[in-house]
Amino acid sequence: MSELLAELVIQKTEEFVKDSLEGDSGHDWWHIHRVRNTALTLAKEEGVNELVVELAALLHDIADHKFHGGDELLGARVAKKWLRNFPIPETTTNHICEIIAHISFKGAGVSTPMETIEGQIVQDADRLDAIGAIGIARAFSYGGFRHREMYNPDIPPVMHSSFEAYKNSKGHTINHFYEKLFLLKDRMNTSSGKKMAEERHHFMVEYVERFKNEWKGLH
Ligand code: ADP
Ligand code: NI
């Protein structure tokens, strides 16, 4: 594929994504922007097909199941339809859509394997944006969007064993740290992603500890 065509597809896809996203401020264009940049950083370190990484990062939340009645394959279908506008090899389009279909976290007890290094990179970049300082902000933004309690010490976290159970949980936001965010560092695929995740993880653990101490009126 020519450099010029690649540039055009990326630019048009960027516009398409900006026009299509919905949801809370944790799922807006800036999330896509951060995931794209992190994915490209990881891609440089791992040496891979950067076009696939960049397009999959741009399109990965194009129709998130949380905002579309739980249909978790809709994103891949929307992306496929969009990419048909360009003369891209079918193998490239299929690769990108495969990544979008498999990127999401589906519960503590549900594995979400990624077959290709490009997919592993985009999944790592998406998960890195769910932890650390930004991850904390996104969790409370989502909780607010859904009118959830920030915390309720009477309701303990649940380790979901199916995607169905995870999708339907309506718990308070602090539980989301135990049910997903604290688990992400051990689910990173790439070694550079793992390193970045460690630091963000520790910051988040300390944050929740402080949150709970303040809740109890302690120092
Ligand atoms: P993925 O990108 O793996 O599909 P999600 O789209 O479920 O993950 O999560 C994206 C963001 O929304 C994350 O930052 C996550 O913390 C937040 N989020 C998702 N579900 C909840 C929830 N139940 N409570 C608080 N935040 C949530
Ligand atoms: Ni995402």
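As the structure lists them, so they are numbered: ligands from 1, and atoms in each ligand from 1.
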Mark up the atoms of ligand 1 that fall under 4.0 Å of a heavy atom belonging to Leu181, in ascending order.
16 (O)

If you stand at the Ni ion (ligand 2) and look out to OD1 of Asp126 and NE2 of His60, what angle do those two lines make, to 10°?
90°

Asp129 N/O/S atom closer than 2.8 Å to the Ni ion (ligand 2)
no

Location of contacts on Asp129 toward ligand 1, heavy atoms closer than 4.0 Å
neither

At under 4.0 Å between heavy atoms, is it the side chain or the backbone of Tyr142 that contacts ligand 1, or both, or neither?
side chain

The Ni ion (ligand 2) - closest N/O/S atom in Asp61:
OD2

Within the supplied structure, the quantity of interest is the number of heavy atoms (other residues, nucleotides, ligands) at a distance under 6.0 Å from Lys195 NZ; does it exceed 12?
no

Those atoms of ligand 1 less than 4.0 Å from some heavy atom in Ser104:
1 (P), 3 (O), 4 (O)

From the list Asp129, Asp126, Asp28, Asp61, salt bridge (charged side-chain N to carboxylate O under 4.0 Å, His left out) partner of Arg34 resolves to Asp129

So, taking the atom named CG in Leu8 and the one named OG in Ser2, what distance separates them when rounded to the nearest 0.5 Å?
9.0 Å

Between the CD atom in Glu118 and the OG1 atom in Thr92, the distance rounded to the nearest 0.5 Å is 10.0 Å

Whether over 12 other heavy atoms sit under 6.0 Å from Met150 CE
no

Compute the ring centroids of His60 and His102, then answer whether they are less than 6.0 Å apart.
no

Ligand 1 versus Arg148: contacting region, heavy-atom distance under 4.0 Å
side chain

If you measure from the Lys or Arg side-chain nitrogens to the Asp or Glu carboxylate oxygens, is any gap between Lys18 and Glu14 under 4.0 Å?
yes

Number the atoms of ligand 1 from 1 as they appear, then name those within less than 4.0 Å of a heavy atom of Lys180, with their elements.
1 (P), 3 (O), 5 (P), 7 (O), 8 (O), 9 (O)

